Amino acid sequence: MEEATEAKKADTAGFNKRRAEGNDKNDRPKKNLQRKVRSLNPINTLSYVQILGTGMDTHDTSPSVLLFFDKQRFIFNAGEGLQRFCTEHKIKLSKIDHIFLSRVCSETAGGLPGLLLTLAGMGEEGMSVNVWGPSDLKYLVDAMRCFIPNAAMVHTRSFGPTLGSVGGFMDDQTKFKEPIVLVDDEVVKISAILLLPNFSKGTRLPNEVTSTQNPTEKVLDDRMDHASQPFKVNGNGRPNAKPGDMSVVYICELPEIKGKFDPEKAKALGLKPGSKYRELQLGNSVHSDFQNITVHPSDVMEPSIPGPIVLLVDCPTESHLEELVSIKCLSRYYVDFSGPPENAKGVTCVIHLGPASLISSPNYQSWMKRFGLAQHIMAGNERKNVEIPILRASARIAARLNYLCPQFFPAPGFWSLQNLDCLAPESTASSEGSVSKSCESVSAENLLKFTLRPFARLGLDKSVIPSQVASSDIIDELISEIPEVVDAAHCVSRFWHQSAEINGEISLAKDNEVLVEEPWYNENTLPSCLENIRRDDLEIVLLGTGSSQPSKYRNVTSIHINLFSKGGLLLDCGEGTLGQLKRRYGVEGADNAVRGLSCIWISHIHADHHTGLARILTLRRDLLKGVPHEPLLVVGPRKLKFFLDAYQRLEDLDMQFLDCKHTTEASLLAFEGVTELNRDYSSPASPTRFEDMSIKNTERQLAERVDSTLFAKGSRMQSYWKRPGSPIDNSVVPIVKSLQKVLNETGLEALISFPVIHCPQAFGVVLQASERLNSVGKMIPGWKVVYSGDTRPCPELIDASRGATVLIHEATFEDGMVDEAVARNHSTTKEAIEVGNSAGVYRIILTHFSQRYPKIPVLDDTHMHKTCIGFDMMSINIADLPVAPKVLPYLKLLFRDEMIVDEEDELIEAASVAS
């Protein structure tokens with residue numbers, strides 16, 4: 001009776017129909033996003049450049065660089081994780097005026113979509129920012145238009161020659177030989193020098209291996225060769241330029257500091273105090289009051305101090321290096337400049353963004369020496385930063401969770417020094433040593449500063465660089481704060497050693513010293529699919545459990561379905577997914593996980609569910625270069641294909657796409673039926689006799705069956721999901737066959753998408769494992785995992801979840817926020833649990849929590865006997881499912897003082913509009 005009541009509740013849950021159809025006005029951004037107009041301060045009391053160490057501990061993205069002034073902020077590169085990094089370190093996004101990209105690729109721009117969307121949602125009017133990049137930027141902008149409103153991108157500005165459709169540039173490249181001035185005001189002048197690869201005779205191409213280069217070095221170089229489409233060769237037998245080839249050297253020049261006015265000298269030259277003193281300080285000559293002479297500013301002013309100059313150099317390959325060393329317009333910045341002395345400029349600091357393997361080369365080091373006494377900062381990913389997490393708050397939480405329950409929260413996987421020595425090229429430290437004989441050089445560290453103003457403090461500032469904190473120190477702090485956690489950890493560990501559980505009986509230890517045993521723990525019975533289950537069968541790894549935008553403690557949505565030797569899948573792929581994989585498995589382990597991916601499934605087009613996709617795909621492409629492999633299958637909503645198709649003009653993603661609508665149960669059944677029909681058309685003697693006709697029949701019949709079942713007139717789905725506008729194209733049949741091949745290789749019987757209520761083309765998914773034989777020959781049914789995506793409770797989700805082993809369900813809002821959940825087409829915690837109870841699932845994992853619950857969501861203990869709360873990096877082995885709900889009370893103990901929002905103010909502060 002109770003189950004029927006819950007089913008009725010879930011079936012009749014309200015939802016925002018206009019939002020599901022994509023017509024909710026509240027979802028539409030402001031038409032005219034504001035840009036901050038700031039009163040500049042030419043006499044800056046403070047100015048510096050600072051390394052924002054995104055990717056330094058995980059090597060998944062390019063670090064960013066902040067150029068700071070009292071009234072302005074400039075950021076160079078916006079890789080994945082930048083927004084989360086700024087929140088962690090209280091860098092106000094609203095203060096950022098300009099973002100400059102040194103290259104246009106997933107490494108340098110992966111965090112840009114999320115950043116633009118966050119700025120667009122700030123305050124009542126929203127905000128925008130100037131985004132600068134080489135002409136390739138237009139490809140990224142075109143791709144982002146698929147899910148980012150045009151109003152958020154009206155201030156994107158590209159520069160440099162335009163690439164032609166068949167390779168080569170449409171513009172005369174000679175007019176881009178001089179620096180291109182982008183910003184020039186009383187505070188700073190920022191110019192760009194384009195760097196195109198020089199494929200001259202004898203230059204190694206990005207895909208070539210030198211005789212002295214080992215394969216591991218090539219992998220590292222290939223990661224920098226982000227645009228690895230097949231080269232188009234020109235008439236000279238050398239490759240044409242292609243999207244992604246352009247790199248940029250940025251030059252930041254601060255104005256000179258004028259010398260002090262000497263009134264004694266002015267008096268000696270016959271000047272009276274007054275307006276002529278001011279004219280001289282403004283740089284104008286005046287006539288003496290008591291002498292028949294003209295007084296020039298140089299007569300009464302101390303010598304001016306030249307303004308500091310900072311260069312940011314992104315030289316990704318040897319081909320770019322050959323061009324870099326030959327750029328003539330850089331000569332005025334060299335100490336051996338032979339032109340007029342008044343044209344010479346001294347460089348204060350050079351920040352190098354290229355790979356360590358290239359920077360350590362003799363040619364590059366010789367080029368560095370031409371800047372004389374300039375301070376060089378090597379900001380390519382360095383080995384020394386691997387074990388110092390850039391997100392200290394989440395690392396601290398991970399260490400505490402690992403102490404309490406290491407089975408569900410494994411220790412973060414870092415590279416060992418031995419592995420690093422094997423995988424990295426020659427020690428960067430040694431390359432530094434060879435450079436430092438003639439110039440100052442240091443490895444970048446997270447938050448390292450180089451002060452530009454005041455002049456008296458010019459130079460490196462290491463005062464805010466985070467130190468490495470041992471996990472033992474974090475645990476000592478935890479035990480001091482919550483002494484009971486020692487006994488709690490002991491109790492949790494005993495769950496894995498109880499012989500009763502091995503026999504399938506679920507019970508708690510009788511001598512639980514910390515918490516009172518709950519009666520509902522004994523209500524569970526082991527499903528038949530878990531009989532004699534192996535630990536290497538399935539592990540569910542929650543890489544991101546937050547919603548909307550990343551926060552200090554929760555990244556946006558992504559789930560790794562680890563099938564061990566059979567590979568793995570990703571369910572959703574929010575920004576920072578690669579970084580999270582590397583924090584979970586270690587840098588090398590994550591590379592293996594990416595190599596082993598068989599499929600990536602995306603639930604809907606909202607940015608927090610897919611903006612990490614390009615970075616994963618490009619890394620997999622690079623890791624598998626030279627290895628026979630199939631393009632990775634990406635299953636997602638139709639609108640995602642528009643984005644990926646547009647993005648592939650910039651970078652080859654090495655993937656094939658399948659629309660979610662072709663993976664619904666109705667579609668797959670229709671496909672199987674048409675396939676059988678085709679077999680009947682062809683005779684064994686002439687297998688291709690009716691090939692053309694059968695292909696056409698396949699497409700027409702499959703389209704008809706899909707439309708007649710999924711979008712039947714009067715069906716619930718037709719009212720809020722847009723009907724597709726075109727029949728199935730020729731490519732869908734072989735790609736569905738590719739899906740079948742993937743399922744066979746991964747031991748899955750089915751991957752079935754089903755429509756849910758959230759936005760247009762939103763889906764959930766069912767993964768059904770194949771049956772297996774146990775040791776005595778008994779057939780054991782396969783497990784079933786269901787992922788809701790973002791949704792309101794709906795019959796389609798309940799039907800798909802019936803009898804599931806695990807339901808991973810979004811729980812964006814707490815129980816008291818039903819109205820908000822309905823308005824945004826999300827679910828509350830209680831609603832998610834009711835869906836699971838209605839469908840009779842064995843275990844429910846809650847995820848996708850609003851960022852107002854930074855550490856643990858607000859919970860009602862009612863009906864929690866099937867449920868566990870998701871945390872980032874939580875890894876649930878299928879063999880441990882019986883234990884999962886038991887751990888929840890202990891997690892609540894760990895966060896007993898943090899159940900209420902305690903970080904929301906920091907989150908708001910980091911993303912608020914500055915006064």
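Everything quoted here is computed from the prediction, not taken from an experiment.
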- Query: With sequence neighbours excluded, what pairs up with His89 under the side-chain hydrogen bond (donor to acceptor under 3.5 Å, both in side chains) test?
  - Reply: none

- Test log, rule side chain to side chain contact (heavy atoms under 4.5 Å, CB included), inputs His98 and Trp132: CA-CA 7 Å; His98 299 265; Trp132 301 86; 3.0 Å; yes

- Task: Compare all side-chain heavy atoms of Asn446 with those of Phe85 and state whether any distance is below 4.5 angstrom.
- Result: yes

- Task: Heavy atoms only: give me the nearest His155-Val129 pair and the separation to one decimal.
- Result: CB-O, 3.5 Å

- Task: Heavy atoms only: give me the nearest Leu117-Pro149 pair and the separation to one decimal.
- Result: CD2-CD, 4.0 Å

- Item | Which residues share a side chain to side chain contact (heavy atoms under 4.5 Å, CB included) with Ser247, sequence neighbours left out | Arg103, Leu195, Asp314, Pro316, His320

Atom pairs and distances, side-chain donor-acceptor, residues 252-260, under 3.5 Å, sequence neighbours left out:
from	atom 1	to	atom 2	distance (Å)
Glu253	OE1	Lys345	NZ	2.9
Glu253	OE2	Tyr333	OH	3.4

- Task: Starting at CD of Gln549, measure out to CG of Asn555 and round the result to the nearest 0.5 Å.
- Result: 11.5 Å

- Item | side chain to side chain contact (heavy atoms under 4.5 Å, CB included) partners of Gln468, counting only residues at least two apart | Glu387, Ile388

- Task: Find out whether Met144 and Leu116 are in side-chain contact, i.e. whether some heavy atom of one side chain is under 4.5 Å from a heavy atom of the other.
- Result: yes

- Message: Whether the side chain of Ser361 engages the backbone of Ser357 through a donor-acceptor N/O pair (distance < 3.5 Å, no angle test) should be reported.
- Response: no

- Task: Would you sort out whether Val188 and Phe74 count as a side chain to side chain contact (heavy atoms under 4.5 Å, CB included), showing the intermediate values?
- Result: CA-CA 10 Å; Val188 67; Phe74 304 87; 3.8 Å; yes

- Message: How close do Glu88 and Ala393 get, counting heavy atoms only, and between which atoms?
- Response: OE2-N, 2.9 Å

- Results of side chain to side chain contact (heavy atoms under 4.5 Å, CB included) for Ser298 - residues two or more places apart only: His296

- Query: What class does the angle between the rings of Phe159 and Tyr250 fall in, given that below 30° is parallel, 30 to 60° is tilted and above 60° is perpendicular?
  - Reply: perpendicular

- Item | Test of ring centre spacing under 6.0 Å for Tyr139 and Tyr647 | no

- Note on the structure: Heavy-atom nearest pair, Leu543 first then Gln580, reads O-NE2, 2.6 Å

- Note on the structure: Applying ring pair (Phe, Tyr, Trp, His ring centres under 6.0 Å) to Tyr364 and not counting sequence neighbours gives His352, Trp367

- Residues in salt bridge (Lys or Arg N to Asp or Glu O under 4.0 Å) with Arg332, at least two apart? Glu178

- Separation of Asp184 CG from Ser191 OG (nearest 0.5 Å): 7.5 Å

- Message: Can you list everything that forms a side-chain hydrogen bond (donor to acceptor under 3.5 Å, both in side chains) with Ser558? Sequence neighbours excluded, please.
- Response: Thr577

- Would you say Arg84's side chain and Ser551's backbone share a donor-acceptor pair under 3.5 angstrom? yes

- Task: Rounded to the nearest 0.5 Å, what's the gap from CZ on Phe450 to NE2 on His376? Could you check?
- Result: 10.5 Å

- Query: Heavy-atom distance under 4.5 Å between the side chains of Leu460 and Ile377, does that happen here?
  - Reply: yes

- Under 30°, 30 to 60°, or over 60°: which ring-plane class applies to Tyr48 and Phe68, parallel, tilted or perpendicular? parallel

- Stepwise, does the side chain to side chain contact (heavy atoms under 4.5 Å, CB included) test hold for Ile616 with Leu581? CA-CA 10 Å; Ile616 292 285; Leu581 277 171; 3.9 Å; yes

- Does a side-chain heavy-atom distance below 4.5 Å link Thr58 with Arg583? yes

- Message: Contact between Arg370 and Leu330 at the side-chain level, heavy atoms closer than 4.5 Å - yes or no?
- Response: no

- Query: Taking all atoms of both residues into account, what is the closest heavy-atom pair of Thr61 and Glu107, and its distance?
  - Reply: OG1-O, 2.7 Å

- Item | From NZ (Lys449) to NZ (Lys462), nearest 0.5 Å | 15.0 Å

- Message: Show, in sequence, the C-alpha distance, side-chain angles and deciding distance for Glu80 and Thr54, and conclude whether the side chain to side chain contact (heavy atoms under 4.5 Å, CB included) test is met.
- Response: CA-CA 8 Å; Glu80 290 185 35; Thr54 52; over 6 Å; no

- Task: Could you tell me whether the side chain of Asp872 reaches within less than 4.5 Å of the side chain of Tyr553, counting heavy atoms only?
- Result: no

- Item | side-chain hydrogen bond (donor to acceptor under 3.5 Å, both in side chains) partners of Asp461, counting only residues at least two apart | Ser463

- Query: Just checking, any donor-acceptor pair under 3.5 angstrom between side chains of Arg278 and Gln281?
  - Reply: no

- Between atom CD of Gln375 and atom OG1 of Thr348, what is the distance when rounded to the nearest 0.5 Å? 10.5 Å

- Message: Taking side-chain hydrogen bond (donor to acceptor under 3.5 Å, both in side chains) as the definition, give me every residue that meets it alongside Asn284, ordered by chain and number, with sequence neighbours left out.
- Response: Glu279

- Query: Do the non-hydrogen side-chain atoms of Lys552 and Ser394 ever get within less than 4.5 Å of each other?
  - Reply: no

- Item | Closest non-hydrogen atom pair, Lys369 against Val335 | O-CG2, 4.5 Å

- Task: Check ring pair (Phe, Tyr, Trp, His ring centres under 6.0 Å) between Phe261 and all other residues, then give those that pass, not counting sequence neighbours.
- Result: Tyr277

- Query: Is the backbone of Phe69 close enough, under 3.5 Å, to the side chain of Arg73 for a donor and an acceptor to pair up by distance?
  - Reply: yes

- Partners meeting side chain to side chain contact (heavy atoms under 4.5 Å, CB included) with Asp608 (sequence neighbours left out): Val556, His606, His848

- Donor-acceptor contact below 3.5 Å, side chain Asn150 vs main chain Arg145: no

- Donor-acceptor pair, Glu651 side chain versus Ser106 backbone, under 3.5 Å? yes

- Note on the structure: The reported gap from OG in Ser64 to CE in Met56 (rounded to nearest 0.5 angstrom) is 10.0 Å

- Looking at side-chain heavy atoms only, is the closest gap between Val104 and Met246 below 4.5 Å? no

